[in-house]
Amino acid sequence: MHSIHVDVMDGDFVPRLGLFPEFVSSVRELTNIPIEVHMMMRRPEAFFSVFAQAGATRVIPHVEVLEHPHRSIDEALACGLETGVALNIDTPIDRLRFIADPLSSITLMAINPGIVGHRLIPSIHAKLAHARAWVADQGLKTKLEVDGGVTFETFRGLLESGADGVVLGAGTIFSSDGTPEQNLARLRSDLDARR
């Protein structure tokens, strides 16, 4: 399923500032496509209702900052949001063993978050395969997505390693190799050739 992925950064958890609820509101006025908000920030719970009101469909905070993950997930659900969590490249998937059931998605970072243009860290393939087996062993229907370092050269391998989806951005749709429309057509062509 297609969705719009919005990165929110606080300049503390990651070394950049980026995008706020007003941006989500502006996007929501233009489309009914689901909007997921990747919350690269400390204290994400304080903003669940704000992003829900702005038109977000799903929030994806980082598990590394959630002091009480169950309570945080419940708060997001109470706001009418789907919930996912993101894990940094060095955070093991087993960290989710007691909270994974209500999650609609798990976002695996393939770079250190917050820096645009970083190259994909190759160990993401092994982590993704491990996560795919772990989700199956838990009997979950949770979707796995990969964020960071996704390019025309890397996205197929990520799907083959077990990702249900990838976050497309500077290395694909917004690449200077073409217009967003041309780049999207290229991705679709590559996917069709893979089938």
Side-chain angles (χ1 to χ4, degrees), residues 1-9 13-19 23-24 27 31 33-41 57-64 84-96 103-136 140-195:
M1 181 173 87
H2 299 294
S3 62
I4 296 171
H5 182 95
V6 176
D7 285 338
V8 175
M9 298 172 276
F13 180 63
V14 295
R16 288 175 58 99
L17 288 173
L19 303 184
F23 179 82
V24 174
V27 172
T31 183
I33 294 173
I35 300 172
E36 61 180 33
V37 178
H38 180 188
M39 306 178 88
M40 291 180 273
M41 58 192 297
T57 309
R58 174 187 297 145
V59 287
I60 306 171
H62 271 257
V63 72
E64 295 87 2
V85 292
L87 283 79
N88 286 335
I89 189 74
D90 60 345
T91 302
I93 190 74
D94 296 345
R95 175 104 179 248
L96 303 180
L103 299 174
S104 62
S105 68
I106 298 170
T107 300
L108 301 176
M109 296 304 299
I111 62 170
N112 291 304
I115 304 295
V116 176
H118 272 200
R119 291 183 184 217
L120 180 135
I121 297 171
S123 62
I124 188 61
H125 292 283
K127 182 173 184 177
L128 187 50
H130 176 69
R132 171 58 56 213
W134 184 85
V135 165
L140 302 172
K141 296 190 183 328
T142 310
K143 301 293 184 195
L144 294 175
E145 74 174 359
V146 174
D147 186 5
V150 180
T151 65
F152 289 108
E153 293 72 36
T154 63
F155 86 96
R156 286 181 304 278
L158 292 167
L159 296 173
E160 289 163 3
S161 292
D164 294 303
V166 293
V167 176
L168 304 172
T172 52
I173 291 177
F174 303 115
S175 168
S176 59
D177 292 344
T179 66
E181 293 80 10
Q182 290 168 333
N183 292 335
L184 191 54
R186 178 179 170 188
L187 285 164
R188 285 185 174 139
S189 174
D190 285 355
L191 279 174
D192 289 344
R194 180 178 170 265
R195 290 184 179 129

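On a predicted model such as this, the values are computed, not experimentally measured, just so you know. The basis for the numbers below is simple: all heavy atoms, side chains too, and nothing from hydrogens, waters or symmetry mates.
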Euclidean distance, Thr151 OG1 relative to Arg156 CZ, rounded to 0.5 Å: 8.5 Å
Answer whether the closest heavy-atom distance between the side chains of Asp90 and Met109 falls below 4.5 Å. no
Val146 and Ala110: which non-hydrogen atoms are nearest, and at how many Å? CG1-CB, 3.7 Å
Distance (rounded to the nearest 0.5 Å) between Asp7 CG and Met39 CE: 12.0 Å
Nearest heavy-atom approach of Met40 to Phe13 is C-CD2, 3.7 Å
side-chain contact (heavy atoms from CB on, under 4.5 Å) test vs Val27 passes for just one of Ile33, Ile35, Leu19, namely Ile35
Under 4.5 Å between any side-chain heavy atoms of Glu64 and Arg95, yes or no? yes
Backbone N/O of Ile89 and side chain of Lys127: donor-acceptor pair under 3.5 Å: yes
Given side chains that start at C-beta, do those of Ser105 and Leu144 come closer than 4.5 Å, heavy atoms only? no
Side-chain donor-acceptor contact under 3.5 Å, His118 with Asn112: no
From Ser104 OG over to Leu140 CG, what is the distance, rounded to the nearest 0.5 angstrom? 12.0 Å
Shortest non-hydrogen contact from Asn88 to Pro113? OD1-CG, 3.1 Å
What is the distance from atom OG of Ser175 to atom CZ of Arg186, rounded to the nearest 0.5 Å? 7.0 Å
Check against side chain to side chain contact (heavy atoms under 4.5 Å, CB included), Leu108 and Asp147: CA-CA 6 Å; Leu108 301 176; Asp147 186 5; over 6 Å; no
Return the CG to CD1 distance between Leu184 and Ile173, rounded to the nearest 0.5 Å. 5.0 Å
Is there a side-chain contact between Ile4 and Pro34 in this structure, where contact means two heavy atoms from C-beta onward sitting under 4.5 Å apart? no
Which atom pair, heavy atoms only, marks the closest approach of Gly148 to Leu120? O-CD1, 4.2 Å
Between His5 and Arg58, is a side chain to side chain contact (heavy atoms under 4.5 Å, CB included) present by the stated rule, with each step listed? CA-CA 10 Å; His5 182 95; Arg58 174 187 297 145; over 6 Å; no
Would you please say whether a donor-acceptor pair under 3.5 Å links the side chains of Glu36 and Thr57? no
Between Thr142 and Leu103, is there a donor-acceptor pair closer than 3.5 Å when you use the side chain of the first and the backbone of the second? yes
Could you tell me if the side chain of Leu191 sits less than 4.5 Å from the side chain of Phe155, heavy atoms only? yes
For the pair Arg132 and Asp164, find out whether any cationic side-chain nitrogen is under 4.0 Å from an anionic carboxylate oxygen. yes
Are the side chain of Thr172 and the backbone of Val150 linked by a donor-acceptor contact shorter than 3.5 Å? no
Candidate pair Val59 and His38, rule side chain to side chain contact (heavy atoms under 4.5 Å, CB included), full reasoning: CA-CA 6 Å; Val59 287; His38 180 188; over 6 Å; no
Close side-chain approach of Thr154 and Arg119, heavy atoms under 4.5 Å: no
Is the closest side-chain heavy-atom distance between Leu158 and His125 below 4.5 Å? yes
Could you walk me through whether Leu96 and Leu87 pass the side chain to side chain contact (heavy atoms under 4.5 Å, CB included) test, one step at a time? CA-CA 9 Å; Leu96 303 180; Leu87 283 79; 3.7 Å; yes
Nearest 0.5 Å please: distance from the CG atom of Leu187 over to the CZ atom of Phe152. 4.5 Å
Checking Glu145 against Thr107: is there a side-chain donor and acceptor pair closer than 3.5 Å? yes
